[in-house]
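Numbered from 1 within each chain, the chains take letters A, B, ... in sequence-line order. Being a predicted model, the structure only gives us computed values, none of them experimental.
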Amino acid sequence: DAGVIQSPRHEVTEMGQEVTLRCKPISGHNSLFWYRQTMMRGLELLIYFNNNVPIDDSGMPEDRFSAKMPNASFSTLKIQPSEPRDSAVYFCASSLRQLHSYGYTFGSGTRLTVV
Amino acid sequence: GQQVMQIPQYQHVQEGEDFTTYCNSSTTLSNIQWYKQRPGGHPVFLIQLVKSGEVKKQKRLTFQFGEAKKNSSLHITATQTTDVGTYFCAGWGAQKLVFGQGTRLTINP
């Protein structure tokens, strides 16, 4: 298995532009998570999906952030409009979750820089 | 909400010395997981502990889960340069995994 695949690896954009981050989870995993990592705030859970349904989006910082999972093999995180404070590494992770939690497999991340 | 605190934030050791990081939760956890993130990399799952008082070993790494299921520790014996990175604990509670801030380990060869 290729693991969790994220694209792009790096994104540099100007303030006010729309940014879309993409994630392909591991086949067969039924949970998908979006995290943001910064030096100041560490790893923050933004949103997670179970069986393609958003379960908890309480970590989404503002209405400028939105996430979708149209099918079991694809998810997007969109920021519109982007701001310099959104600069961070964004990780997607997936997991097989049934009765209990299992370890998460993280993608390589997208390093976002908003100038 | 649930909080997971990890100490120390940073640890620098000489190669060959031991290293320990501690994790404490404000609430009782269903389980606790440990991850390692190499510099510039992504978190990689190491292990999960479920039972009260559980101890697991992976070569030079020893993981413990407290009796009250509110704390955990990771101990590395005789560190090697390949152990460099940030070690995160993550507690499962309230239907989601909450990560600690991590302990960044650097090693002097």
Would a single hydrophobic cluster contain both B:Leu46 and B:Val84, if residues Ile, Leu, Val, Met, Phe, Trp and Tyr are joined by side-chain heavy-atom contacts under 4.5 Å?
yes

Should B:Trp92 and B:Trp34 be regarded as members of a common hydrophobic cluster, given that ILVMFWY residues are connected when their side-chain heavy atoms come within less than 4.5 Å of each other, either directly or indirectly?
no

Heavy-atom check, side chain of A:Tyr35 versus side chain of B:Leu97, under 4.5 Å
yes

Among residues 5-14 of chain A, which ones touch chain B with a heavy-atom distance under 4.5 Å?
none

Determine whether B:Phe45 and A:Tyr48 fall in the same hydrophobic cluster, where Ile, Leu, Val, Met, Phe, Trp and Tyr are linked whenever their side-chain heavy atoms lie under 4.5 Å apart.
yes

Count the heavy atoms belonging to other residues, nucleotides or ligands that lie under 6.0 Å from OH of B:Tyr22, then report whether that count exceeds 12.
no

Using non-hydrogen atoms and a limit below 4.5 Å, what part of residues 99-109 of chain B faces chain A?
B:Phe99, B:Gln101

Within the 4.5 Å heavy-atom criterion, are A:Tyr104 and B:Tyr35 side-chain neighbours or not?
yes

Determine whether more than 12 heavy atoms belonging to other residues, nucleotides or ligands lie under 6.0 Å from atom CG of A:Asp63.
no

Please look at A:Glu44 and chain B and tell me whether the side chain, the backbone, both or neither of the residue comes under 4.5 angstrom of a heavy atom of that chain.
neither

I'd like to check B:Phe88 versus A:Leu43 (side-chain heavy atoms, cut-off strictly below 4.5 Å). Are they in contact?
yes

Under 4.5 Å between side-chain heavy atoms, counting indirect links through other Ile/Leu/Val/Met/Phe/Trp/Tyr residues: same cluster for A:Phe65 and A:Leu45 or not?
no

Where A:Phe91 and B:His42 come nearest, the two heavy atoms and their spacing:
CE2-CB, 3.4 Å

Indicate if A:Phe33 and A:Met60 have the same hydrophobic cluster label, given that clusters are the connected sets of ILVMFWY residues with side-chain heavy-atom separations under 4.5 angstrom.
no

Greater than 12 external heavy atoms within 6.0 Å of A:Lys68's NZ
no

What part of A:Arg111 is in contact with chain B, defined as an atom under 4.5 angstrom from a non-hydrogen atom: side chain, backbone, both or neither?
neither

